[in-house]
Amino acid sequence: MEKYNSLVVVGAQWGDEGKGKMTDYFAQKANMVVRFAGGDNAGHVINFNGQKHKVTIIPSGIFNKRVTNIIGNGCVVNLINLVKEFEIIKQSGVDYGNLLISDRVQLILPYHILIDEAQENERGDNKIGTTKRGIGPAYQDKVSRLGIRLGELGEENFKQRFKLVFDYQMKFLKNMFNIKSLNFEDTYKDLIEAYTKIKERVIDTDSFIESAIKEGKKVLFEGAQGALLDIDHGTYPYVTSSNTSANNASTGSGISHKLINSTMGVVKAYSTRVGAGAFPTELNNKIGDGIRERGNEYGSNTKRPRRIGWLDAVALKHAIRTSGIDSIFITLLDVLSGVDEINICVKYELDGKEINNLPSVNQKYERCQPIYLSNPGWKEDITKVTSFDQLPHAAKNYLKMIEKVCEIKISGFSVGPDREQTIILENIF
Ligand code: GDP
Ligand code: IMO
Ligand code: MG
């Protein structure tokens, strides 16, 4: 097969693995970064030159001037939030890259946010703990063919078309949840106002991306959320509403899977989850609390405290398999300094039997108990380490243990939030 300079970066856990940091890091060498799934439910924190930046829907390559950043067709976009986010970046004083948006992206509209909230309320004790950004309802409308594609906004008859969809949505809100109507004219006006600010950036991005890859340009595909939040392969129903796995990099950006060279999974040195759902390795104790504080494990988007657990190799291997991950990049290794003993979950016990796989049924997953391999911890601060050799013996062993248990190569690791605190072990891009 012909080799291209394309790499997919996906989270291999339940999100917040440090994809933003890694995408920004690799974007320093890239020509193009394409976001292929999710919406502004994502929240990525990126640190360089002593500054901290945040993006939700804009690709994490935006802080690299040479990079063309594309929001691919697999995403759902709240135009008003997108415009706000881009304004903040433009005013931040940093050099930023170009931004383009696929005319095939589906819009998140104000009624989606209301429906998201109403559906969560209806779920009662079974709440998913969504980010309430309207993600699920926007993808529902895409699939039920009630969605609005961004490209339609430039059409003369758009207002009439929008009114039909809008009226249906108001009927749904009223009859299903007894929520009173939004004002059509206001909603339309806000939408067009936001659209006017970005309309020059809206193009048919598919062939643009394809040509770039074929010309030998370096193209990154940036996943959002994590593989375990994938609607098909994640821990359903406690997932998001898109295919977050690497396989969606081609569908979500409109190019052939044959143009993708390799896939890197970003893996936190432990596990976190935001929102509800089974979490066999969860640490509801002082160790977990310590990791949360040292790792500043609070959602960058919703500020919710993240749930903390040991690294789960069973779940990770599931992600590696379903996303076709070629190598993993370990982030937040520094956060484990000072933990006496570090566990890795290597199997589950389910109803008295040992299993090596992630059950597909949530009720079963909730009954899984972790079986651990224990590793000695280390005390040293490793935030200034610049090579594998400089790591304490126990940290080296922990990384080697992850490689062995997960049967995958570690292509690098990260010892702090800054761009500079990144150690490459194998040149993959
Ligand atoms: P993303 O959604 O996958 O991009 O991850 P988030 O940005 O939501 O969460 C990761 C958090 O960890 C951010 O605050 C990053 O700045 C931070 N981070 C990334 N890598 C490291 C690391 O190696 N060490 C530490 N201490 N923080 C890191
Ligand atoms: P990044 O890209 C962590 C979680 C929510 C909830 C579930 C469904 O920063 O890693 P949704 O609003 O998508 O319908 O919520 O998915 N979730 C995330 N968790 N990181 C994310 O994004 C997430 N995006 C959604 O907490 O459990
Ligand atoms: Mg995040």
Side-chain angles (χ1 to χ4, degrees), residues 9-25 35 37-48 51-57 59-60 75-76 108 112-113 115-117 119-120 123 127-140 222-231 234-242 244 265-277 279 291-307 329-337 381-383 385 412-423:
V9 175
V10 281
Q13 293 155 306
W14 287 278
D16 304 325
E17 299 91 347
K19 299 173 292 292
K21 168 176 167 158
M22 293 319 307
T23 304
D24 167 71
Y25 180 84
R35 208 10 233 273
D40 58 341
N41 49 346
H44 311 306
V45 178
I46 295 163
N47 293 266
F48 57 90
Q51 290 172 312
K52 184 170 163 173
H53 301 273
K54 197 190 128 185
V55 286
T56 64
I57 182 61
S60 301
C75 296
V76 284
I108 300 176
H112 291 133
I113 294 167
I115 297 170
D116 195 355
E117 276 170 8
Q119 286 180 334
E120 276 289 81
R123 287 184 186 112
K127 274 188 183 38
I128 290 168
T130 74
T131 58
K132 301 203 176 150
R133 300 292 152 109
I135 305 298
Y139 278 113
Q140 276 167 37
E222 179 189 17
Q225 289 75 54
L228 300 173
L229 290 173
D230 185 285
I231 185 75
T235 50
Y236 191 89
Y238 296 97
V239 292
T240 189
S241 296
S242 66
T244 56
V266 187
V267 177
K268 212 172 252 197
Y270 44 93
S271 303
T272 58
R273 265 200 102 146
V274 203
F279 189 6
I291 291 175
R292 182 177 304 105
E293 293 317 308
R294 283 194 304 283
N296 188 25
E297 293 290 3
Y298 294 88
S300 70
N301 219 338
T302 57
K303 313 284 175 242
R304 290 178 290 179
R306 294 177 183 148
R307 299 159 67 196
F329 204 101
I330 303 292
T331 53
L332 294 110
L333 188 63
D334 53 299
V335 175
L336 292 182
S337 288
D381 173 359
I382 59 168
T383 53
V385 159
F413 62 95
S414 158
V415 292
D418 198 85
R419 242 187 218 168
E420 305 286 317
Q421 291 168 300
T422 312
I423 293 107

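Please read these numbers as outputs of a predicted model, since none were measured by experiment. Every number for a ligand or one of its atoms is a count from 1 in the order of the listing.
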For ligand 2, is there an atom lying under 4.0 Å from some heavy atom of [X]?
X: N301; result: no
X: G11; result: no
X: H44; result: yes
X: R273; result: no
X: G226; result: no
X: R306; result: no

Can you report which non-hydrogen protein atom sits closest to [atom], along with the distance?
atom: atom 5 (C) of ligand 2; answer: G129 O, 3.5 Å
atom: atom 1 (P) of ligand 1; answer: H44 ND1, 3.3 Å
atom: atom 10 (C) of ligand 1; answer: D16 O, 3.7 Å
atom: atom 17 (C) of ligand 1; answer: P417 CB, 4.2 Å
atom: atom 26 (O) of ligand 2; answer: R304 NH2, 2.9 Å
atom: atom 13 (C) of ligand 1; answer: V45 CB, 3.7 Å
atom: atom 16 (O) of ligand 1; answer: N47 ND2, 3.3 Å
atom: atom 12 (O) of ligand 1; answer: L332 CD2, 3.7 Å
atom: atom 23 (O) of ligand 1; answer: S414 OG, 2.4 Å
atom: atom 8 (C) of ligand 2; answer: V239 O, 3.3 Å
atom: atom 25 (C) of ligand 2; answer: Q225 CG, 3.7 Å
atom: atom 24 (N) of ligand 1; answer: D334 OD1, 2.7 Å

What I want to know is whether [X] and ligand 2 share at least one N or O pair that is separated by under 3.5 angstrom.
X: N41; result: yes
X: D116; result: no
X: G43; result: yes
X: S241; result: no
X: R133; result: no
X: T240; result: yes

Ignoring hydrogens and angles, tell me if any N or O in the side chain of [X] forms a donor-acceptor pair with the backbone of [Y] under 3.5 Å.
X: K19; Y: Q225; answer: yes
X: S60; Y: D24; answer: no
X: K21; Y: V45; answer: no
X: Y236; Y: D230; answer: no
X: N41; Y: G39; answer: yes

Would you mind telling me if ligand 1 is within reach of the side chain of V266, the backbone, both or neither, using heavy atoms under 4.0 Å?
->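 Neither; no heavy atom under 4.0 Å.
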Measure V415 to ligand 1 on non-hydrogen atoms and call it side chain, backbone, both or neither using the 4.0 Å cut-off.
->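 Near ligand 1, V415 shows its backbone, while the atoms from C-beta on stay back.
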Numbered atoms of ligand 2 (with element) below 4.0 Å of A42, judged on heavy atoms |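 Counting from 1, the qualifying ligand atoms are 1 (P), 2 (O), 9 (O), 22 (O).
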Any side-chain heavy atom of [X] sitting closer than 4.5 Å to one from [Y]?
X: T383; Y: Q421; value: yes
X: M22; Y: T422; value: yes
X: R123; Y: I128; value: yes
X: E117; Y: T130; value: no

Give, for atom CD of Q13 and atom OG1 of T272, the distance between the pair rounded to the nearest 0.5 Å.
->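 One gets 7.0 Å once the value is rounded to the nearest 0.5 Å.
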Give, for atom CD of Q119 and atom NZ of K127, the distance between the pair rounded to the nearest 0.5 Å.
->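 One gets 12.0 Å once the value is rounded to the nearest 0.5 Å.
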Considering distance alone, does some N or O of K19 sit under 3.5 Å from an N or O of ligand 1?
->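 Min N/O separation from ligand 1 is below 3.5 Å for K19.
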Do any N/O atoms on K21 end up under 3.5 angstrom from N/O atoms on ligand 1?
->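 No.
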What do you reckon, does [X] put a non-hydrogen atom under 4.0 Å from ligand 1?
X: G295; value: no
X: V335; value: yes
X: G43; value: yes

So with a 6.0 Å cut-off around OH of Y298, is the heavy-atom count from everything else above 12?
->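 Yes, because the 6.0 Å sphere around OH of Y298 holds more than 12 heavy atoms from other groups.
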Just wondering, more than 12 heavy atoms not from E420 lying within 6.0 Å of its CD?
->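 At most 12 heavy atoms, drawn from other residues, nucleotides or ligands, come within 6.0 Å of this atom.
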Measure from NZ or CZ of R419 to the centre of the six-membered ring of Y25, then state whether that distance is under 6.0 Å and the direction lies within 45° of the axis.
->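 No, cation not above the ring by the 6.0 Å, 45° rule.
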Would the W14 and Y238 ring centres measure less than 6.0 Å apart?
->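 Between W14 and Y238, the centre distance exceeds or equals 6.0 Å.
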Looking just at side-chain N and O atoms, do T302 and R304 make a donor-acceptor pair shorter than 3.5 Å?
->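 Side-chain D/A pair, T302 to R304: present.
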With the threshold set at 4.0 Å, does a side-chain nitrogen-carboxylate oxygen contact exist between K268 and E297?
->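 A salt bridge links K268 with E297.
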Salt-bridged, R306 to D16, with N to O below 4.0 Å?
->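 Looking at D16 together with R306, the answer is yes, because their closest N to O distance falls below 4.0 Å.
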Should one rank R306, K268, Q421 by closest heavy-atom distance to atom 11 (C) of ligand 1, which comes out on top?
->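 Answer by nearest heavy atom: R306.
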Apply side chain to side chain contact (heavy atoms under 4.5 Å, CB included) to the pair I57 and V76, showing each step before the final yes or no.
-> CA-CA 9 Å; I57 182 61; V76 284; over 6 Å; no
How about the Mg ion (ligand 3), which protein N, O or S atoms come within less than 2.8 Å?
->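 Those protein N, O or S atoms (cut-off: under 2.8 Å from the Mg ion (ligand 3)) are D16 OD1, G43 O.
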So which bit of Y238 gets within less than 4.0 Å of ligand 2, heavy atoms only: side chain, backbone, both or neither?
->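 It is neither; nothing of Y238 touches ligand 2.
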